[in-house]
Every structure is written in structure tokens, then in C-alpha cells.
There are 2 protein chains.
Amino acid sequence: MEDLKPGLANVPPQTPLGFLDRAATVYGDCTSIVYNNTTFTWSQTHRRCLQLASSLSSIGIHRGHVVSVVAPNIPSMYELHFAVPFAGAILNSINTRLNAATISVIILHGESKLVFVDCVSRSLVLDAISLLPAETQRPILVLITDDSVGPTSSEGFLDTYEGLVAKGDPNFQWIRPKSEWDPMILNYTSGTTSFPKGVVHCHRAAFMTALDALIDWAVPKQPVYLWTLNMFHSSGWSHPWGMAAVGGTNICVRKFNAAPVFNLIERHDVTHMCAAPVVLNMLTNSPREKPLRSPVRVLTGGSPPPAAVLQRTEAMGFVVSHVYGLTEVLGVVISCAWKPGWNLLPATERARLKARQGVRTAGLAEMDVVDPDSGKPVNHDGSTLGEVVVRGGCVMLGYLKDPEANSKCFKNGWFYTGDVGVMHPDGYLEIKDRSKDVIISGGENLSSVEVESVLYSNPAINEVAVVARPDDMWGETPCAFVSLREGLEKKPTEKEMIEYCRARLPHFMVPKTVVFKGDLPKTSNGKIEKHVLRKEAKDMGSLKHI
Amino acid sequence: MEDLKPGLANVPPQTPLGFLDRAATVYGDCTSIVYNNTTFTWSQTHRRCLQLASSLSSIGIHRGHVVSVVAPNIPSMYELHFAVPFAGAILNSINTRLNAATISVIILHGESKLVFVDCVSRSLVLDAISLLPAETQRPILVLITDDSVGPTSSEGFLDTYEGLVAKGDPNFQWIRPKSEWDPMILNYTSGTTSFPKGVVHCHRAAFMTALDALIDWAVPKQPVYLWTLNMFHSSGWSHPWGMAAVGGTNICVRKFNAAPVFNLIERHDVTHMCAAPVVLNMLTNSPREKPLRSPVRVLTGGSPPPAAVLQRTEAMGFVVSHVYGLTEVLGVVISCAWKPGWNLLPATERARLKARQGVRTAGLAEMDVVDPDSGKPVNHDGSTLGEVVVRGGCVMLGYLKDPEANSKCFKNGWFYTGDVGVMHPDGYLEIKDRSKDVIISGGENLSSVEVESVLYSNPAINEVAVVARPDDMWGETPCAFVSLREGLEKKPTEKEMIEYCRARLPHFMVPKTVVFKGDLPKTSNGKIEKHVLRKEAKDMGSLKHI
């Protein structure tokens, strides 16, 4: 038995790139991508990706090079998820809403050899390039034009995206990774808590997370997937590759707005989409309240969906599943697997259960909640806080050029997520906070998410974020930033809000400060930027108790 | 970038064993197994498997030991797919319909430390043990009792299956593989062409094929799976593990008969099953011709489904998908992925397309048809014969203690399947024959399957197999063994059969001999035993052309 070792026939690297070859064979005549009035088939997408990869090779992009892209969910953005690794290179998707300084630092840190630039981000990226240190080799710039946006000057660009596609060889043999552990993706963290870190993922991780997501979401063949989740956000949770594996149709959309999204859903019979809870909130708050013609399956994540949002979206015909992931694990690794019996529970109880992050997916090896000091699993009692840890094929290779960060997050054979949660007796995880968001008041650890969920149950509230404010007596106390729903007859006062919480929370968890705001600051993915609010709370100075 | 190597957090071995832990968490209260009037939940199945693994450890079964089982599709057979590898051991499922001599050779060759024996196979296995060479260490014997069969003497057995389950510790920590390449499964080939060979599969292969099959078949969560395919046949195409990944219900059945199968389908609302074309034929030939209440998805493989069988089964409400696999790849690796447009074609054309084996699954790295001499891919012209080769994570580690067989099947980085086929211009594979079943007549390679498919279109024919008969003039000529449908008014003659073929086939492909038989010899999986017929044709002696 010991003689039998893996050989050439069973070690081919796990990679999602072959999904596209297969899609061209099986789904060649079927629609791969729709964007405005442009439609591609899987044969065309396959050929275009090969042609682009061929051109990239011709202009000096080789194995291991980093190729960046600054673009929203347009067809070229989808194609680059195959075309760049087809050339052996590493795809680095950059958030279009970052400022020039941050983009410049990312390009410098990642050592990008080439940057694909969407026409709308043209001056932003040119500004970023101008900020690069003088001694730095400038990356090649390629412009992505878009008729729906209008003409754009290509000055400073080597070529256009379509120019490269047109020049390429459709019979290009794509470059297979030498090992499944070869890097394929470089995604920078959103930087809600610190400066962006470069997360490196290998082919095996992309393969595993893409297939695992299909199984966990029970995605059928040929779904119609609406790209509301940005592909530059954690590689669109691996769905660019997954959609090729099942021959889905990718409905691309440049900008998210509730009304056009509803139109796209009906026009293309959308079956699947992903959206943060705030996006779901926007959808249900939009004027149109007509229910959907047929159910749309939605993965939501990033923060737990508030009960009210869940109820409103599900009433409209969305079938919402709550999942959890991080840039560092490339997609969904924990999901609130729904039990048939739960459908019999009252709506509030269903919402409470669905707000939990859940259990590991079939593809993740292990998940636990551990005491950050001892590293031992916490009791499964639903109340002892600990840090969420995972291990499995989806975990990043590590942060680029950051051994210190790597040594902090890789310990005891686990990846430490930085999220704080509890394990319920039934084995379901519930995240209580980012470890940086925990408020320590009078020596008690206090979950800002719990305070938020109580405030969300107040019908006057549209959005809320709770952060720590320095406090003379308690060290820190909760400070709530609140945006109210539109069209209220009577706006609640700070005192009423505090009383509302006092009736529903332990005293130490009740916000001592409530700030009303028109809008809360958000990242491009719709996550509330707590670090901005934390600074604002700090700038208010310590709360005095005379 | 080069500093980033896989570490402990991302190298946990890929193994399907964790699927059962997860099923106990998510689907704990849901039905895992139904057998007659016995029902288990996933919590119970999980606990029973841990207990059994604990007992196996207690009685000296350790990492790397081989544990055999001779049993049909009963609950214990399902549990052993987890319990044996939970103890670190390698599961060896033995076909219940082999004779004592063959079972003896398998136990000796595999060096089984323990054999689980279904009560019905008791004397068969005791005979097999008695045939072991005197100097061989006897394996431990454990009896699987079954109330529905009746009392069985446990003389010669260490314990009963339920005895071991009862003695085990439900808190046993199952033994994780040290590497995903560690062996987990030892399956012997069915031996239709030669003496059984021991096929060794690792944890990674079982993980990959189980998940890949779920995606390829678009299996939803909590399917109801009827075990018509024997689990001892290529590990039930990996579905024992796959069903745990999606929390399915396993409907176990000791023996296959058409009438009880229909009852089970209706009683348990079966959604999925696997069946060789001959099994489908039996189902549609059974007296009951009422259509199914709701559609049942069927994977069929082993041989291409004849058009008539496809039409009859689909008319009854079965949704048939045609797939291809081998013991050496542990499950389905090629599947006739159906294109939506094909539904518009006439029935005969649909059947012709569905008889093709198809394209690689998303999880298989590569598949091709190559010239066996040069190793070069054949033209994709639908007519040039070549050998089917595959590479990917599902390929076996190799044949146990058989370096010669390994060196024959592993060449040029491929696994050579021994199946002969053509590649169609659209990239779909069609198998024409086992390489050993090809008939060489007057120097022409002739596919017995093509001759069979013409004969199957004759309404008088129930089953047919075509093999080579020695021929004085041509070397070999086709010889057809035919069983006729019941209740025919007039039985056709040999001459009429030959004329029927002559009207539809090139002259050199027309059978020169037709033998009518009541039943054709079959393996336990319902495959026609061509090697038996080949011997019979040989024993007839050379056909003379005076």
C-alpha cells in the first residue's frame, strides 16, 4: 500500500480555469454575459479570454506577474478572472471607490506590471500612477472603453481592452499552474480597520471555494446571476468561476440602483444574486413594492441581516440565505444552513436564527470559536465570546510582504479571522463583533452588534452603527450613530432612543450617546465604515459623569 | 510572493469524512437512512459511526489496516463508509455475488484484518475463509444480523455489528488522515475481463468525486436517494459521502426487484437513483406501467442506454442522465451534459445524443481520446477510434501490488481507461467499446456496441450482446447473443436477424452468427458478462466459409 504514491495522472493542480473550456463545449451557444444591449455566448467568452491572454503574453506578461484592474461589474471585469490567470499571471482587482493615494500604494505594493482601467476611473488611476515614486517602473496601462459611458481619451494608455482582444490568438494554449498552490489572486482587504493588506490566494483555493459555494447554495445548472456584489470584493465570492462551472448567465451592471435592479430581475428572469444587508434594505425601501414575479435566491453577508430587513425582503419574494466569509478565505466558508423545521417558527424567531452565521460549508475542513489567549475552544453555550478560527483549502496563502501580520493570524494551525463570536449549543456560530469593534465598558466585553440589533427593531430607524466612545468613568461606553427612516411623522429624541434600549438591554450595554445622521459612511461594498464613526466618537471627547 | 507557502491552516487534507460531522449538526433530526421499518436520523448515524470506529480501534484496527465488508445495500453498509475510515482504516467492499474462491483471493490479496459479513453471505464468507492458505493470519469476523432475514448463527464470529456499535464510545475522536493522499478505499474491479485488481483510492479522490458528482447532477439539499446501485460497486459512485454532504435520505434495499422499487419510490418520494441500462429495462418491462407521481432523476452508466429503453423510462417519468465512470476513477468523471436546445429534436435524435458519454465533469482536470500507439489525440471527427484517457484528482493511486498493471495504465501523465471511443466535433466523447471488446474482422476494427444498438432497435429483442467469434476467413466475425421479449406472437429466426442488420449496417459489421438465449449472463451490477459469452463463442469453434 505504501508503494502507491500520487503520480502525474492524479496530481494535476486543482484550478478553476478549466471550467471555462468546459463551458465553451457544453454551453457554447448559451448566454454567458449580458450588459446593457451587449450579449456574449460562452464560446465567445472563451475565445475572448484566450485572445486576451495571448495578447498579455505578447506584451510581456508572464507567469507570476501581477495584473491589476480598476473596474466595476462590466463584461471585461468578468473575463479578466480567466484571461489574466490564463496568461499565468495573478489578478489584482482594485476597488473603484478608493482614492488615488490608496490605489497608488496598492499598485506599488503589489508591483503591478499592467493595470486595466475602466474609462470612468481613468483620471483616478492616472492620478494614482503620478503618485508612484519616481524610481518605480510604471505599469503598462490598458483602457477599457464603454460606449454607454461615452468617448474617453486613451492618451497615456498602451492600448484598449478591445484592441488587445482583437490582436490575440484564439488558439492560445493557456498556461497551467505548475502547482495548485501557485498564486492566482491578489485581493486587498477593504481596510475598514487598518491599511489594506494584500491577500494572496492560490489556484486550489479558487477551485475549492467556487465549487463549495455551488453546493452550499444548491445552485442548479444555468442559473441567471445578477452581479450586484462587486467582483473586486473578494473575487465576487468566487462566483465568477462558479458561474462558468454551471454555465450560468452573468447579468453585469455598472452601478447599483434599486429601480434598474428590479428591471433587470424581471427582464432576465434573474434567479440568484448576492447583496449585503444594507443593499437589501435599499431594495425594500425603494418606492416600488410590487412582489417579484418568481423567487430570487439571495446570499447576504458582511453583517447579520436585521430581522426587519429580512421580513421585508422575504415578503417581496427574495429567498435570503445568510453566509459569512472574509477576503482572507476568498468566499463563503460558513453559512446559516436552514433546517426544514425552522419554517414552522414565528417570524421573529426565524429572523433570530437566520441572523446567526451558521456552520462550516462542506468544503471547509474545520471551524471553531477559541479563547484568544489560551487557544482553547470556548463552551458551546451561546454566550462565551471567543475568536472565530478556520482551517481548510480556502484559507489564503498569506498577506503579501507582511510576515508580522501573517504571524498574528496564523497560529496553532488555524487562521484567526479577527471576528468575535459565540458557539450555540446546536453547533451554529454567531458573530458578535469584529475583535476591533468590541466595546469594553467597566471591564465588561460588549458586542456592538447586539446593541445594533435592538436599535434595528425600532421602526423609526433606517440604519445604525454602535461604536465605543471614551468614557471618564467606564473607560468606554456605547455610542450609537443612527439614520432615521424617511417620512416619519415625529422624529424620536436621543432620550427616547436611550429609553428604548434600556427597556431591552442590560444597563451596561445601553448607549450613553446617540447621534442622528442623514447617512452613515459606507465602503463601496455597502459596509458601514465603523472606523470613521469610531474616530468621530473619539473626537467628541470623553463622556463626563460629574 | 515566493515566500508564501501553504501552511497548517490551509493544508488540512481533503477528506469526505467531515461531511458526517456537519450533517449531524445541520440535519441532526432529519432522516439519514430508511430500511424496511427501521429509520435513523443523521445524529444517530453520526453517533453509530463514531461508536463503531471506537470499537474497531479497541479490537486492534489501526491506521492503514484493510477492513472488508460483504453486504448488500443495508444501513450497516452505508455506515461502514464512514466508520472504517473514522478508525483510520481502509474500506474494502466486496461484491456479494462473487464465489468463495474469489472472495478468498481478495481477502488474501488485500490482507484484510477484519471482515464484516452480512448474515445472508455467512456461509459464503466462511467458505472463503476456509480456503485461505493455512499459514495466513485469519481476519476477525463480525456478523451483520438482520431481523428481516431471520436468526443466524454467530459461531466463528468475534461479535455482531450491533454488538460493536453498542460497545463503542460516541465521543471517539475520529482519526484524521495524515495526508489527503492516504489510502481510504480498496475496491476490486468487477473482473469482466480478467482477475479482479485491487484499486486504491485516497481521501482526496473520495472528497473530490463526491462533491463533483453533486454539482454535475445538480443535486439539491436533502434529496431522497434510492440505493439501487450497489455500494460495493465503485463505492456507489461516491454517493455515500455525497448524501452526507447534502443531508439526503438514503433508502436502503437488500435486493433489487421492479415492483418493490416502484413502491419505495412512491412511499418515500424518491428523487434520485442510479441504475445501469439493464436495470432501467427491467423497470420498464415490469407489469406496472403507470407513470411516476413525480419525476425521479436517474444516472445511468456502465453501457450506453439503448434508445428504446430511454424512451420507455422517460415516458414513465424518469429523467435519465447518461454518465461514465470506472472503478479506477471512483465515480462519474464524464457525463452527457444536456443542452437545452436538444429538447427540440426528435426522440431518436435525442436518444442518439444521450447515448454519448459526453464531457468531463467540472472536477476532472482533463479527458481526451488518444491513439494508443502514438499517444497523440485523435481527430475530433466522430469516427477515428482511440483510447479514452483522463487525468485528475479522482484517478486511483494505483492497483495494489501490481506494478505491471500500473505501468500499463499510467502513461504520458494519463490514466488509460481501456475504453475505446471517438471524439465528436462538438467535444463530446462516445465510447465504442472496451478495448478488449473490439472485434477485428478482416483487419477492420469493429465496435460491438454499434452492432448491439442496431439490434436493440428491433422490437422483438429484449437484450443483446455482440462478441467476436473466431472466423476462418476474416479472423473474427460478430456473433450476437440475443434474448427475446416475452409474449411475442412470432419469434424471429437467425436469418431474419442477420437480414435486419444487413439493411442497417456495413457488411463487415453484420453478425455472422446469432444465438437465442433465455437470459444473458450478468454481473451483480447488471452488466452483461461478455467474457462468458466470448468464451461460449470461442467454444463454438471457427466459423467456416467453404
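Scope of the values below: all heavy atoms of this structure, side chains included, with no hydrogens, waters or symmetry mates. Residue numbering restarts at 1 for every chain, and letters A, B, ... go by the order of the sequence lines.
No other option in B:Asn10, B:Leu186, B:Leu8, B:Asn406 has as many heavy-atom pairs under 4.5 Å with chain A as B:Asn10. The choice from A:Lys221, A:Met1, A:Arg22, A:Glu366 that makes the most heavy-atom pairs within less than 4.5 Å of chain B is A:Arg22. If you tally non-hydrogen atom pairs under 4.5 Å between each of B:Ile215, B:Val219, B:Leu400 and chain A, the highest count goes to B:Ile215. Of the listed residues A:Leu214, A:Leu211, A:Leu397, A:Val246, the one with more heavy-atom pairs under 4.5 angstrom with chain B than any other is A:Leu397. With chain A as the partner, the residue from B:Arg391, B:Met396, B:Lys401, B:Glu111 showing the most heavy-atom pairs under 4.5 Å is B:Arg391. Comparing B:Glu2, B:Met208, B:Arg176, B:Lys5 by heavy-atom pairs within less than 4.5 Å of chain A, the highest count is held by B:Arg176. When B:Gly392, B:Gly427, B:Ala245 are compared by the number of non-hydrogen pairs under 4.5 Å with chain A, B:Gly392 comes out ahead. Options A:Ala23, A:Gly18, A:Ala365 differ in how many heavy-atom pairs under 4.5 Å they form with chain B, and the most are formed by A:Gly18. Each of B:Phe410, B:Phe207, B:Phe415 has some count of heavy-atom pairs under 4.5 Å with chain A, and the biggest count is that of B:Phe207. Across A:Pro12, A:Ala218, A:Cys394, the residue that shares the most heavy-atom pairs under 4.5 angstrom with chain B is A:Pro12. The candidate from A:Gly363, A:Pro340, A:Gly110 with the greatest count of non-hydrogen atom pairs under 4.5 Å with chain B is A:Pro340.
Of the possible donor and acceptor atoms, one in the side chain of A:Thr249 sits under 3.5 Å from a partner among the backbone N and O of A:Thr31. For B:Asp368 (side chain) and B:Pro377 (main-chain N/O), no donor-acceptor pair under 3.5 Å exists by modelled atom type.
Only the backbone of B:Thr361 comes within contact range of chain A, with at least one heavy atom under 4.5 Å from a heavy atom of that chain. B:Asp3 does not touch chain A: none of its heavy atoms, backbone or side chain, sits under 4.5 Å away. Neither the backbone nor the side chain of A:Lys411 comes within contact range of chain B; no heavy atoms are under 4.5 Å apart. Using a 4.5 Å cut-off between heavy atoms, A:Pro6 touches chain B through backbone and side chain atoms alike. In this structure, chain A has no heavy atom under 4.5 Å from any part of B:Val329. Residue A:Val26 touches chain B through both its backbone and its side chain, counting heavy-atom pairs closer than 4.5 Å. Residue A:Ile90 touches chain B through its side chain alone, counting heavy-atom pairs closer than 4.5 Å. Interface remark: A:Trp181 contributes side-chain atoms only to the contact with chain B (heavy atom separation under 4.5 Å).
A:Tyr399 and A:Glu328 share a donor-acceptor pair across their side chains, judged by distance under 3.5 Å alone. Side chains of A:Gln357 and A:Tyr428: a donor-acceptor N/O pair is absent below 3.5 angstrom, by distance only. Counted by atom type alone, B:Asp29 and B:Trp42 present zero donor-acceptor pairs between their side chains at under 3.5 Å. A donor-acceptor contact closer than 3.5 angstrom links the side chains of A:His46 and A:Asp21. A side-chain N or O of A:His424 and one of A:Glu430 form a donor-acceptor pair less than 3.5 Å apart.
Under the 30°/60° scheme for interplanar angles, the aromatic rings of B:His239 and B:Trp217 are found to be tilted.
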*side-chain hydrogen bond (donor to acceptor under 3.5 Å, both in side chains) assessment of B:Ser335 paired with B:Asp216*: CA-CA 8 Å; B:Ser335 111; B:Asp216 197 71; 2.7 Å; yes
*Is there a side-chain contact (heavy atoms from CB on, under 4.5 Å) between A:Trp241 and A:Phe82 once you walk through the steps?*
CA-CA 8 Å; A:Trp241 305 299; A:Phe82 288 95; 3.5 Å; yes
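Contact check on B:Lys339 versus B:Asp426 returns no salt bridge, with no Lys/Arg side-chain nitrogen under 4.0 Å from an Asp/Glu carboxylate oxygen.
Checked against salt bridge (Lys or Arg N to Asp or Glu O under 4.0 Å), A:Asp212 has no partners two or more places apart in sequence or in another chain.
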